[in-house]
Amino acid sequence: MSSQGNAVGSGDATRELVNRGWRIAYIGWVAPIVPVIGFVVLIVLSIVAILHGVLAATRGNTSAGLRLALAAWLGSTLVGLLWMGVYALLASIF
């Protein structure tokens with residue numbers, strides 16, 4: 001009975017950490033709108049979002065923490081490639 005209480009309590013305790021990590025990841029994915037500085041911000045915020053996921057996973061919210069860490073890593077890779085493609089396309093047009 002107490003292990004269930006701890007599992008629910010740890011999820012509640014890390015909810016704000018996971019939510020903050022998702023907000024950081026979303027901001028990082030939008031940051032490359034600004035060409036050069038945005039990619040630096042994308043890299044930094046991706047690392048911070050991954051760390052938030054790892055912290056949540058180690059504090060007991062393994063499922064949400066791992067989802068956040070993997071989404072931040074893979075999402076940032078895909079978003080970075082997408083933005084580089086957009087800028088390459090714009091450079092070839094103009």
Side-chain angles (χ1 to χ4, degrees):
M1 198 74 161
S2 65
S3 66
Q4 271 186 326
N6 288 341
V8 172
S10 64
D12 292 339
T14 58
R15 180 172 296 145
E16 183 59 34
L17 184 66
V18 171
N19 288 340
R20 190 177 329 127
W22 280 110
R23 282 192 301 265
I24 290 169
Y26 294 147
I27 292 168
W29 293 342
V30 175
I33 288 175
V34 180
V36 177
I37 297 170
F39 281 105
V40 174
V41 172
L42 171 69
I43 293 167
V44 170
L45 292 182
S46 298
I47 292 169
V48 172
I50 290 168
L51 289 176
H52 274 76
V54 170
L55 279 173
T58 58
R59 291 184 181 176
N61 198 350
T62 307
S63 177
L66 288 178
R67 273 187 273 139
L68 172 59
L70 288 174
W73 176 50
L74 293 174
S76 298
T77 301
L78 293 174
V79 167
L81 290 173
L82 176 77
W83 278 108
M84 284 191 282
V86 166
Y87 286 125
L89 180 65
L90 289 174
S92 68
I93 292 173
F94 299 108

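If you read the sequence from its start, that first residue is 1, and numbering goes on from there.
Looking only at distances, no side-chain donor or acceptor of S76 sits under 3.5 Å from a matching main-chain atom of W73. Within the 3.5 Å criterion, the main-chain N or O of G21 finds no donor-acceptor partner in the side chain of Y26. In terms of modelled atom types and a separation under 3.5 Å, the side chain of W22 and the main chain of A72 share no donor-acceptor contact.
Tracing side-chain contacts under 4.5 Å through hydrophobic residues (I, L, V, M, F, W, Y), one never reaches L82 starting from Y87; they form parts of separate clusters. Hydrophobic clustering of Ile, Leu, Val, Met, Phe, Trp and Tyr side chains at less than 4.5 Å, counting indirect connections, keeps W83 apart from L74. A chain of hydrophobic side-chain contacts below 4.5 Å, direct or via other Ile, Leu, Val, Met, Phe, Trp or Tyr residues, connects V34 to V48.
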- prompt: Would H52 and L68 satisfy side chain to side chain contact (heavy atoms under 4.5 Å, CB included), going step by step from the backbone distance to the final call?
  reply: CA-CA 8 Å; H52 274 76; L68 172 59; 4.1 Å; yes
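Here the straight-line distance linking atom OG of S46 with atom CG of L51 works out to 11.0 Å at 0.5 Å rounding. Within the model, atoms CD1 of I50 and CD1 of I24 stand 11.5 Å from one another, a figure rounded to the nearest 0.5 Å. Between atom CZ of residue R20 and atom CG of residue L55 there is a gap of 9.5 Å, rounded to the nearest 0.5 Å. Within the model, atoms CD1 of I43 and CD1 of I47 stand 7.0 Å from one another, a figure rounded to the nearest 0.5 Å.
Looking only at side-chain heavy atoms (C-beta outward), I33 and V30 come within less than 4.5 Å of each other. For the pair M84/L81, a side-chain contact is recorded, criterion being any heavy-atom separation below 4.5 Å from C-beta on.
Shown here is I37, whose CD1 atom has no more than 12 heavy atoms of other residues, nucleotides or ligands within 6.0 Å.
Between F39 and G80, the shortest heavy-atom distance links the atoms CE2-O, 3.8 Å. Here the closest heavy-atom approach between residue T14 and residue R59 is recorded as CG2-CB, 3.7 Å. Of all non-hydrogen atoms in A71 and W29, the two that sit nearest each other are O-CZ2, 3.4 Å. Of all heavy-atom pairs between L42 and G28, the closest is CD1-O, 3.0 Å.
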